[in-house]
J.: 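I'd like to ask some things about the structure below.
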Number of protein chains: 2
Amino acid sequence: MTRSNPRVLSTLERAGGFASAQEIYRLMQREGESIGLTTVYRALQSLVNDKIVDVLRREDGEAIYRLCGEAHHHHLVCKGCGDTVEIEGGAIEKWAKMMAEEHGFREVGHTAEIFGLCAKC
Amino acid sequence: MTRSNPRVLSTLERAGGFASAQEIYRLMQREGESIGLTTVYRALQSLVNDKIVDVLRREDGEAIYRLCGEAHHHHLVCKGCGDTVEIEGGAIEKWAKMMAEEHGFREVGHTAEIFGLCAKC
DNA sequence: ACCACAAATGAAAATGATTTTCATTTCCAT
DNA sequence: ATGGAAATGAAAATCATTTTCATTTGTGGT
Ligand SMILES: [Zn+2]
Ligand SMILES: [Zn+2]
Ligand SMILES: [Zn+2]
Ligand SMILES: [Zn+2]
């Protein structure tokens, strides 16, 4: 993946670092960029693979993509405005490791998100 | 909603308290119960409204429903065989509350799942 | 038992996001 | 330039979920 990735990424940045594939596609169209929906999906997948963006789900199940920091981290998301704070999760890491050990699981990963209403909302 | 709700609920229980609408529908079919897919969806919505079941999202975006039991808890899921262990998450609760306070969020909820390979797999 | 009338049901069609197919175009190395 | 590999995108396929609407079922009053 090469030519489209940076265009999609820059659109995601311009969108506030938080958008669905369809939204990115529509935004690019509106701005006169020539790109196919399929390519947007593929670029996003590739960016997720490279851990440049993060994917999670809206309440209705639609996937939304967002720019993300390097290190492993978790999110505090506002249900009102979508604002996201990246938070450190040392407590979670320890908890996951301990629980996995306790039940004989290996190669464990975990997901953890906190959501609520921010001060503004 | 009346006749279908208990049937769907009991099927969800039998499924281990953790299944998607489609899975519940297929399970009921296999067991010879006569019910429509639409009705399964409606029953689940109603059960969610009544806070009898909980809804969350699989990684692929499909909605899964689970009995909203007694105590709040989290899951340790095997990527190999799907076996699920319910685990206590005191550490998570504290972490979520602390992070939310620190960033001025209110009405917070959270999700947390651990996944890996169980001893058998 | 009979008759409305509202609620519940479910088959089929509609919706909407995402994936797959496949023919065409773009890149690159020789 | 030339051939092959990678990228692109339009159109079709997939799949969960919702909507429509005609039919069935349950309830209460007579
Ligand atoms: Zn992040
Ligand atoms: Zn907010
Ligand atoms: Zn297993
Ligand atoms: Zn559980």
Side-chain angles (χ1 to χ4, degrees), chain A residues 1-12 15-68 77 82 111 113, chain B residues 1-12 15-68 77 82 111 113:
Chain A
M1 314 277 179
T2 295
R3 193 139 32 87
S4 306
N5 278 23
R7 291 198 295 150
V8 168
L9 183 55
S10 121
T11 306
L12 178 56
F18 205 74
S20 74
Q22 303 275 353
E23 287 165 353
I24 291 173
Y25 173 65
R26 284 193 290 268
L27 189 53
M28 293 179 83
Q29 296 257 297
R30 229 177 295 131
E31 294 179 347
E33 291 209 54
S34 165
I35 196 169
L37 179 56
T38 313
T39 304
V40 171
Y41 273 104
R42 278 192 285 237
L44 286 169
Q45 271 169 221
S46 140
L47 291 168
V48 167
N49 270 345
D50 297 348
K51 299 197 198 307
I52 294 169
V53 310
D54 213 10
V55 58
L56 61 134
R57 298 270 164 191
R58 289 235 175 90
E59 222 166 296
D60 69 348
E62 189 177 1
I64 53 182
Y65 302 84
R66 73 181 153 197
L67 290 172
C68 231
V77 185
T111 65
E113 300 259 340
Chain B
M1 316 279 178
T2 295
R3 194 135 34 88
S4 306
N5 278 22
R7 292 199 292 152
V8 168
L9 183 55
S10 121
T11 306
L12 179 55
F18 207 73
S20 74
Q22 303 275 352
E23 286 165 353
I24 292 173
Y25 173 65
R26 284 194 291 268
L27 189 52
M28 293 180 82
Q29 297 255 299
R30 229 178 294 128
E31 293 179 350
E33 291 209 54
S34 165
I35 196 169
L37 179 56
T38 314
T39 304
V40 171
Y41 272 104
R42 278 193 286 238
L44 286 169
Q45 272 170 220
S46 140
L47 291 168
V48 167
N49 271 345
D50 297 349
K51 300 196 197 305
I52 294 169
V53 311
D54 216 8
V55 58
L56 60 133
R57 297 269 166 193
R58 288 234 176 90
E59 220 168 298
D60 68 350
E62 189 177 0
I64 54 182
Y65 302 84
R66 75 177 158 194
L67 288 173
C68 232
V77 185
T111 65
E113 305 256 339

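Letters A, B, ... mirror the listed sequences (proteins, then strands); counts begin at 1.
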J.: Give a yes/no on whether any side-chain N or O of Thr38(B) is located under 4.0 angstrom from OP1 or OP2 of dT18(D).
T.: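 The answer is no; no side-chain N or O of Thr38(B) sits under 4.0 Å from OP1 or OP2.
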
J.: Using a 4.0 Å heavy-atom cut-off across all strands, classify Leu37(B) as base, sugar-phosphate, or nothing.
T.: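 Base contact - Leu37(B) has a heavy atom under 4.0 Å of at least one base atom.
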
J.: Tell me the interatomic distance from Glu62(A), atom CD, to dT18(D), atom P, rounded to whole angstroms.
T.: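 Glu62(A) atom CD is separated from dT18(D) atom P by 14 Å.
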
J.: Expressed in angstrom and rounded to an integer, what is the separation of Ile35(B) atom CD1 from dT25(D) atom C1'?
T.: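 Atom CD1 in Ile35(B) sits about 15 Å away from atom C1' in dT25(D).
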
J.: Check the distance between dT20(D)'s P and Tyr41(B)'s OH and give it to me in whole angstrom.
T.: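 Computing the Tyr41(B):OH to dT20(D):P distance gives 17 Å.
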
J.: Any Lys/Arg nitrogen of Glu113(A) or Arg57(B) sitting under 4.0 Å from an Asp/Glu carboxylate oxygen of the other?
T.: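 Answer for the salt bridge query: no.
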
J.: Could you state the atom-to-atom distance from OH of Tyr25(A) to P of dG16(C) in whole Å?
T.: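 The distance from OH of Tyr25(A) to P of dG16(C) comes to 16 Å, rounded to the nearest Å.
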
J.: Atom CG of Leu47(A) and atom P of dA7(D): how far apart are they, to the nearest Å?
T.: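 Taking CG of Leu47(A) and P of dA7(D), I get 13 Å after rounding.
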
J.: Counting only heavy atoms not in Glu33(B) (residues, nucleotides, ligands), do more than 12 fall under 6.0 Å from its CD?
T.: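 Yes, enclosed.
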
J.: Between atom CZ in Arg3(B) and atom C1' in dA6(C), what is the gap in whole Å?
T.: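 Atom CZ in Arg3(B) sits about 14 Å away from atom C1' in dA6(C).
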
J.: Would you please say whether a donor-acceptor pair under 3.5 Å links the side chains of Tyr65(B) and Gln45(B)?
T.: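 On atom types as modelled, these side chains do not qualify, holding no pair under 3.5 Å.
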
J.: Taking CG from Asp60(B) and C1' from dT19(C), how many angstroms apart are they, rounded to a whole number?
T.: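 Atom-to-atom, Asp60(B) to dT19(C), this comes out as 12 Å.
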
J.: Is it the case that over 12 heavy atoms from other parts of the model lie below 6.0 angstrom from the CD atom of Glu31(A)?
T.: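 Yes, CD of Glu31(A) has more than 12 neighbouring heavy atoms, counting only those of other groups under 6.0 Å.
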
J.: Between Gln45(B) and dT18(D), is there a side-chain N or O to OP1/OP2 distance below 4.0 Å?
T.: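 Indeed, a polar side-chain atom of Gln45(B) lies that close.
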
J.: By the 4.0 Å heavy-atom rule, please label Gln22(A) as base, sugar-phosphate, or nothing.
T.: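 The residue Gln22(A) makes base contact.
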
J.: How close or far is atom P of dT17(D) from atom CD of Glu59(A), stated in whole angstroms?
T.: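 Rounded to the whole Å, the gap is 14 Å.
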
J.: For Glu23(A), answer base if it contacts any base atom (sugar-phosphate contacts may also be present), sugar-phosphate if it contacts only those atoms, and nothing otherwise; contact means non-hydrogen atoms under 4.0 Å.
T.: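 Result for Glu23(A) = nothing.
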
J.: Respond yes when some side-chain nitrogen or oxygen of Ser4(B) is under 4.0 Å from OP1 or OP2 of dT9(C), and no when none is.
T.: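 So the side-chain polar atoms of Ser4(B) do come within 4.0 Å of the phosphate oxygens OP1 or OP2 of dT9(C), strictly under.
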
J.: Give the minimum heavy-atom separation between Val53(A) and Leu67(A), together with the two atoms involved.
T.: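 Heavy-atom minimum between the residues: CG1-CD2, 4.1 Å.
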
